[in-house]
Colleague: 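After the structure tokens below, expect a handful of questions from me.
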Amino acid sequence: MSKWLKCLLPAFSIVVGTLSAQTDPVQSAFESTVAPFFKNHCQKCHGPDKQKSDRRFDQLVFPVTNDEQLADYQDILDQL
């Protein structure tokens with residue numbers, strides 16, 4: 001993991017922790033918007049049958065509970 005990512009992870013954790021405190025609207029938005037996006041656009045190459053670059057996005061969870069998950073979401077944002 002790069003130095004900058006190690007420095008930014010605590011800040012992202014705080015932001016995600018703040019968002020996850022609002023479980024109902026944020027969780028609902030994740031399930032209605034983000035999860036279907038991943039299913040339609042990402043899982044063909046990063047799903048149960050194929051995992052390009054050892055990434056599997058069909059098993060992402062929300063809210064984020066650890067640094068590995070946070071890094072996965074950041075990698076997704078970087079690609080988008």
Side-chain angles (χ1 to χ4, degrees):
M1 186 181 305
S2 68
K3 283 184 183 180
W4 70 268
L5 188 55
K6 286 181 183 178
C7 293
L8 291 176
L9 281 175
F12 286 125
S13 297
I14 291 168
V15 170
V16 171
T18 302
L19 291 175
S20 66
Q22 308 167 349
T23 352
D24 291 341
V26 176
Q27 183 69 34
S28 184
F30 179 84
E31 291 172 4
S32 66
T33 306
V34 178
F37 179 87
F38 288 154
K39 184 175 183 179
N40 293 329
H41 300 284
C42 305
Q43 286 186 20
K44 181 179 177 184
C45 297
H46 302 284
D49 299 324
K50 182 178 181 182
Q51 294 89 40
K52 285 180 76 174
S53 300
D54 295 323
R55 300 289 188 182
R56 187 167 177 179
F57 298 150
D58 64 314
Q59 297 179 330
L60 288 174
V61 296
F62 187 85
V64 176
T65 58
N66 63 49
D67 290 345
E68 284 182 30
Q69 293 170 353
L70 186 59
D72 286 340
Y73 279 106
Q74 185 59 52
D75 289 344
I76 292 167
L77 287 173
D78 291 346
Q79 287 300 312
L80 293 174

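Side-chain atoms are counted along with the backbone in the values below, which use heavy atoms only and exclude waters and symmetry mates.
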Colleague: Indicate if Val34 and Leu80 have the same hydrophobic cluster label, given that clusters are the connected sets of ILVMFWY residues with side-chain heavy-atom separations under 4.5 angstrom.
Modeller: yes
Colleague: Looking only at non-hydrogen atoms, find the nearest pair between Gln27 and Pro63 and report the distance.
Modeller: OE1-CD, 3.7 Å
Colleague: Any idea which heavy atoms bring Val64 and Leu70 closest together, and the distance?
Modeller: CG1-N, 3.6 Å
Colleague: Please identify each residue that fulfils ring pair (Phe, Tyr, Trp, His ring centres under 6.0 Å) with Phe37, with sequence neighbours left out.
Modeller: His41
Colleague: Taking the six-membered ring for Trp, are Phe62 and Tyr73 parallel (under 30°), tilted (30 to 60°) or perpendicular (over 60°)?
Modeller: perpendicular
Colleague: Show me the donor-acceptor pairs, under 3.5 Å and distance only, between side chains in residues 44-54 and residues at least two apart or in other chains.
Modeller:
unit_1	atom_1	unit_2	atom_2	d
His46	ND1	Lys52	O	3.2
His46	ND1	Arg55	O	3.3
Gln51	NE2	Gly47	O	2.5
Gln51	NE2	Pro48	O	3.1

Colleague: Sequence neighbours excluded, which residues qualify as side-chain hydrogen bond (donor to acceptor under 3.5 Å, both in side chains) partners of Gln43?
Modeller: none
Colleague: Quick one: list whatever passes side chain to side chain contact (heavy atoms under 4.5 Å, CB included) with Leu77, sequence neighbours left out.
Modeller: Gln74
Colleague: Rounded at 0.5 Å granularity, tell me how far CD1 in Ile76 sits from CZ in Phe57.
Modeller: 4.0 Å
Colleague: Taking side-chain hydrogen bond (donor to acceptor under 3.5 Å, both in side chains) as the test, write out the residues that go with Asn66, two or more places apart.
Modeller: none
